Amino acid sequence: MDVFVVEGNATISGSVGIVGAKNSVLPILAASLLTSEPLELENVPALADVATMLGILSELGSDVQRDVAKARLSICSAATIEPTAPWELVRKMRASFEVLGPLLGRTGRARVSFPGGCVFGLRPVDVHLKGLVALGANVRQEGGYVIAEAPRGGLRGAEIFLGTPFGSSVGATRNVMMAAVLAHGRTVLQGAACEPEIVDLTECLVKMGARIEGAGSPTIEIEGAGDRAALGGASHRVIPDRIEAGTFLVAGALLDGRVRVEGCRPGHLASLCDAFSRAGVALERGEDWLEVQPRGGEPLRPTDVTTQPYPGFPTDLQAQWMALMCRAEGVSVVTERIYSDRYMHLAELLRLGARIRREGATAVVEGTPTLSGASVMASDLRASAALVLAALAASGETEIHRVYHIDRGYERIEERFRGLGATIRREQR
Ligand code: EPZ
């Protein structure tokens with residue numbers, strides 16, 4: 001397994017280009033199942049999760065032509081699809097569950113493995129299934145699989161509430177939307193997720209011929225085509241990855257360097273920019289870039305964050321923010337409201353000398369002037385990114401094990417940090 005060896009006390013500066021959003025390209029790839037015509041995508045990141053999704057789609061008969069160097073791909077689903085997504089592939093990545101909606105919409109049936117467990121708590125799919133049942137599907141579980149069948153006359157539009165105790169569900173909004181676009185009649189999604197990745201998927205679906213209004217708001221209205229062959233091919237450029245951009249900006253703040261993220265959407269990072277201003281971190285911004293400024297000797301102020309659905313502070317930046325607060329001058333409170341247990345990074349940050357106490361959904365972070373290098377274990381994708389940041393800030397050398405977690409959602413992260421002046425190398429172990 002690969003290991004990152006990270007030299008601490010790093011200073012970084014310069015520009016880094018932001019790649020396409022993992023959490024947008026994955027559902028858009030699933031949406032290619034809704035038509036037998038090719039979907040041409042640009043700004044496709046070279047991530048392990050993208051490879052996993054392409055593996056599942058190939059298994060479902062899709063033809064993929066890809067130019068990784070140009071971040072382009074063309075994908076065309078089979079004229080007739082055997083709609084089964086096997087456990088061997090689905091277990092690797094939860095997002096693969098989002099082939100369920102498009103398979104059901106396009107073929108009238110689907111057999112998709114229940115998504116595997118997750119390191120940060122239970123991640124049920126009850127709202128996904130509730131939405132499909134509301135569209136008229138018969139949904140049952142058998143042998144670890146979800147089996148969904150549309151009624152003889154096809155799916156029918158409905159009014160569906162998609163909220164969960166933790167706010168709206170991003171995945172359920174997408175899964176149900178991708179089934180509803182081919183249903184008969186109108187669907188109204190209430191309590192829909194508002195993330196930019198929902199808007200990006202919607203823009204792609206509309207280019208394919210779907211009729212959707214309200215994406216980005218809690219109420220989305222879909223005029224179902226009522227015909228499984230209604231959607232066509234399209235060309236679409238995936239939006240930049242706001243979480244990757246946020247990760248590099250937090251790294252710049254943590255290491256007190258001038259770091260510019262280019263090719264991003266500053267408007268997607270309003271809550272992070274707000275947290276930075278409360279922490280005493282100055283930013284400059286342009287139309288498609290953000291640049292964190294050195295503090296010039298000013299301290300990093302302790303700053304509380306609570307994760308919330310978009311446009312609130314993203315749960316996917318919680319671990320990275322915690323790493324930053326390890327160096328603040330004072331005590332910060334980080335509260336995770338989206339997942340019941342997204343604190344896998346705590347134990348590993350403690351190994352680097354951080355002072356963090358957990359109280360249920362809240363972590364109390366006491367900033368300390370020194371973190372010190374150690375061997376640590378990556379766990380979930382964003383926790384692993386936080387360990388890279390903390391290792392760069394720690395004194396001495398840090399080894400990060402199981403970096404395949406990072407490769408799932410960050411493209412060549414060690415090369416790109418080296419491009420900013422860090423000393424970090426990947427070793428085969
Ligand atoms: C998406 O996951 C993202 N993944 C996650 O990013 C992100 O953390 C999450 O949205 C929240 O923003 C992709 O887009 C591929 P949810 P998703 O359904 O759709 C509960 C990363 O690091 N819930 O919005 O699975 C659920 O347990 C990943 O890039 C139900 O209760 O998240 C959670 O507590 C990690 N019932 C909350 O809702 C359901 O049926 C939000 O989950 C569905 C979800």
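Remember, it's 1-based here, ligands and their atoms both numbered in the order they're listed. None of these values were measured; they are calculated from a predicted model.
Heavy-atom distances between Pro27 and ligand 1 stay at or above 4.0 Å for every pair. For the pair Pro124 and ligand 1, a heavy-atom separation below 4.0 Å is found. Residue Glu197 places no heavy atom under 4.0 Å from ligand 1. Residue contacts with ligand 1 leave out Met93, since none of its heavy atoms falls under 4.0 Å from the ligand. Ligand 1 lies within reach of Arg342, whose nearest heavy atom is under 4.0 Å from it.
Close contacts of ligand 1 with Tyr339, meaning ligand atoms under 4.0 Å from a residue heavy atom, involve 2 (O), 5 (C), 7 (C), 8 (O), 9 (C), 11 (C), 32 (O), 33 (C), 34 (O). Of all the atoms in ligand 1, the ones that sit under 4.0 Å from a non-hydrogen atom of Ile338 are 33 (C), 34 (O), 37 (C), 41 (C).
The shortest contact between atom 3 (C) of ligand 1 and any protein heavy atom is with Asn23 ND2, 3.7 Å. The closest protein non-hydrogen atom to atom 40 (O) of ligand 1 is Val127 N, 2.8 Å. Among protein heavy atoms, atom 24 (O) of ligand 1 sits closest to Val170 N, 2.7 Å. At the top of the distance list for atom 23 (N) of ligand 1, counting protein heavy atoms only, stands Thr164 CG2, 3.8 Å. Scanning the protein heavy atoms around atom 2 (O) of ligand 1, the nearest turns out to be Arg123 NH2, 3.3 Å. Looking only at protein heavy atoms, the nearest one to atom 18 (O) of ligand 1 is Ser169 OG, 2.7 Å. Atom 8 (O) of ligand 1 has Asp316 OD1, 2.7 Å as its closest protein atom, hydrogens excluded (heavy atom only). In this structure, atom 22 (O) of ligand 1 lies nearest to the protein heavy atom Arg382 NE, 2.9 Å.
Within the structure, salt bridge (charged side-chain N to carboxylate O under 4.0 Å, His left out) contacts touching residues 408-422 (residues at least two apart or in different chains) are Asp49-Arg408, Glu244-Arg416, Arg412-Glu415, Glu414-Arg426.
Residues meeting the side-chain hydrogen bond (donor to acceptor under 3.5 Å, both in side chains) test with Lys207, sequence neighbours left out: His236.
Note: an N/O pair closer than 3.5 Å links Arg94 and ligand 1 by distance alone.
A salt bridge links Arg72 with Glu42: at least one charged nitrogen is closer than 4.0 Å to a carboxylate oxygen.
Side chain of Asp241 to main chain of Lys22: a donor-acceptor pair is present (N/O by atom type, distance under 3.5 Å, no hydrogens or angles).
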